[in-house]
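The sequence lines fix the lettering, A, B, ..., with proteins before strands; numbering per chain opens at 1.
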There are 2 protein chains.
Amino acid sequence: MDDTNTAVRAAEHGHTACRASIETLARIGDKWTVLVVGALSLGPIRYNQVRRVVEGISQRMLTLTLKGLEQDGLVSRTVYPTIPPRVEYELTDLGRTLIVPLRAVHAWTVEHRPAILAAREKFAERERQAASRQTSFTTPK
Amino acid sequence: MDDTNTAVRAAEHGHTACRASIETLARIGDKWTVLVVGALSLGPIRYNQVRRVVEGISQRMLTLTLKGLEQDGLVSRTVYPTIPPRVEYELTDLGRTLIVPLRAVHAWTVEHRPAILAAREKFAERERQAASRQTSFTTPK
DNA sequence: CTGTATCCACTAAGATACTG
DNA sequence: CAGTATCTTAGTGGATACAG
């Protein structure tokens, strides 16, 4: 009917196209995937090396993350049947293309993180003020 | 000692710088935030309009997502004290800067999604083969 | 060394009902 | 219209122990 509704319709249009991307974004947006990709971005690397680089990751999560990436064709897994066994992980060509947009996001976070932290501070402050005003209303004396 | 270890050390160096970004990435990388930002990217929009555009979001998640974004200074919230009440949400300047890297990621997902889906297919196929080979071993006759 | 399997705690998220 | 409150369930992730 009006401008606003037109804008909303446009959003809905883009929205459908977005859904698919969201699913993909969820994959790479989780807690560990980006860190693991970062670890792999420098070349082939073994399981326990990843584990050391990505500090704090559990064996379970590392295995799950790597398997997920392998499943999506972003990482290749090569087993050398030696004793002890040796498994190397490496970004595929597809996986390497991911580095570019990842860097864009990374640059954004680095650039705007101070502003975000400042905003959080201000928000927390306003919340404290609102809370104290509440208190003085309910228990004035 | 060798090239690999050098690479690993380099990764560890970058790693520390990454941690902070990860935290921020977790914020914007969740299921709903990106969709909501997409809805807001076209201009000021009211609560229930967002709700309609971002299909499937619950009231709870919408409120939480908006509050999170407001907290981080990415979205501004304006209340018009009319009856019925009217609340408009809008991207701040900071929030608008987020659109750029978001588009980069979006472009990546659109471009490479077919490859990812194909990789998943192939992976599933290999898994089926491995499973059937297992079966023929354990129950040969 | 490179995983898998199990258990458990915690949180995230949906449904529902209610308030200003 | 724009939320808040509460309940319940599903998924995530960590610790541990064990296997190939």
By side chain to side chain contact (heavy atoms under 4.5 Å, CB included), which residues pair with [X], not counting sequence neighbours?
| X | value |
| --- | --- |
| B:V34 | A:I22, A:L25, B:L102 |
| A:A119 | none |
| A:T109 | A:V105, A:H106, B:S21, B:T24 |

Review point. Using the C1' atoms of the five pairs at each end, what is the angle between the end axes of the helix from C:dC1-D:dG20 to C:dG20-D:dC1, to 10°?
Key: 40°
Specify the separation, in whole Å, of atom [atom1] of [X] and atom [atom2] of [N].
| X | N | atom1 | atom2 | value |
| --- | --- | --- | --- | --- |
| B:L64 | C:dA13 | CG | P | 9 Å |
| A:E88 | C:dC1 | CD | P | 14 Å |
| B:L62 | C:dA15 | CG | C1' | 16 Å |

Check your understanding: A:R46 side chain N/O closer than 4.0 Å to the phosphate oxygens (OP1, OP2) of C:dT2?
Key ->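 Checking A:R46 against C:dT2: at least one side-chain N or O falls below 4.0 Å of OP1 or OP2.
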Practice item. With sequence neighbours excluded, give me every salt bridge (charged side-chain N to carboxylate O under 4.0 Å, His left out) pair touching residues 29-50 of chain B. Key: none
Exercise for review: Provide the full list of salt bridge (charged side-chain N to carboxylate O under 4.0 Å, His left out) pairs with a residue in residues 96-105 of chain B, sequence neighbours left out, each pair given once.
Suggested key: B:D93-B:R96
Point to revise | Criterion side chain to side chain contact (heavy atoms under 4.5 Å, CB included) against A:S76, the qualifying member of A:T92, A:L94, A:L91 | key: A:T92
**Study point:** Verdict with reasoning, B:I57 to B:V54, per side-chain contact (heavy atoms from CB on, under 4.5 Å)
**Key:** CA-CA 6 Å; B:I57 193 170; B:V54 184; 4.0 Å; yes
Exercise for review: Could you list where the contact with chain A starts and ends along DNA chain D, reading 5' to 3', using a 4.0 Å heavy-atom cut-off?
Suggested key: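 Endpoints of the contacted stretch of DNA chain D: D:dG13 to D:dG20.
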Review point. Which ring-ring contact (aromatic ring centres under 6.0 Å, His included) pairs, counting each pair once, include a residue from residues 107-128 of chain A, with sequence neighbours left out?
Key: A:W108-A:H112
Revision key, fill the gap. In B/S/- notation (B base, S sugar-phosphate only, - none; protein heavy atoms under 4.0 Å), nucleotides 4-12 of chain C written 5' to 3' is B--------
Please tabulate, for side-chain N and O atoms in residues 59-71 of chain B, each donor-acceptor pair with protein atoms closer than 3.5 Å (sequence neighbours left out).
{"unit_1": "B:T63", "atom_1": "OG1", "unit_2": "B:Y47", "atom_2": "OH", "d": "2.9"}
{"unit_1": "B:T63", "atom_1": "OG1", "unit_2": "B:Q59", "atom_2": "O", "d": "3.0"}
{"unit_1": "B:T65", "atom_1": "OG1", "unit_2": "B:M61", "atom_2": "O", "d": "2.7"}

Practice item. Identify, residue by residue, the members of residues 76-85 of chain A with a heavy atom below 4.0 Å from DNA chain C, and return them in order of residue number, or none. Key: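 Listed by number, they are A:R77, A:P84, A:P85.
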Is there a side-chain contact between [X] and [Y], using heavy atoms and a 4.5 Å cut-off?
| X | Y | answer |
| --- | --- | --- |
| B:I45 | B:E90 | no |
| B:V75 | B:L40 | yes |
| B:E125 | B:K122 | no |

Would you list the atom pairs, donor with acceptor, under 3.5 Å between side chains in residues 78-86 of chain A and any protein atom, with sequence neighbours excluded?
{"unit_1": "A:T82", "atom_1": "OG1", "unit_2": "A:Y80", "atom_2": "O", "d": "3.4"}
{"unit_1": "A:T82", "atom_1": "OG1", "unit_2": "A:P84", "atom_2": "O", "d": "2.9"}
{"unit_1": "A:R86", "atom_1": "NH2", "unit_2": "A:E88", "atom_2": "OE2", "d": "2.9"}

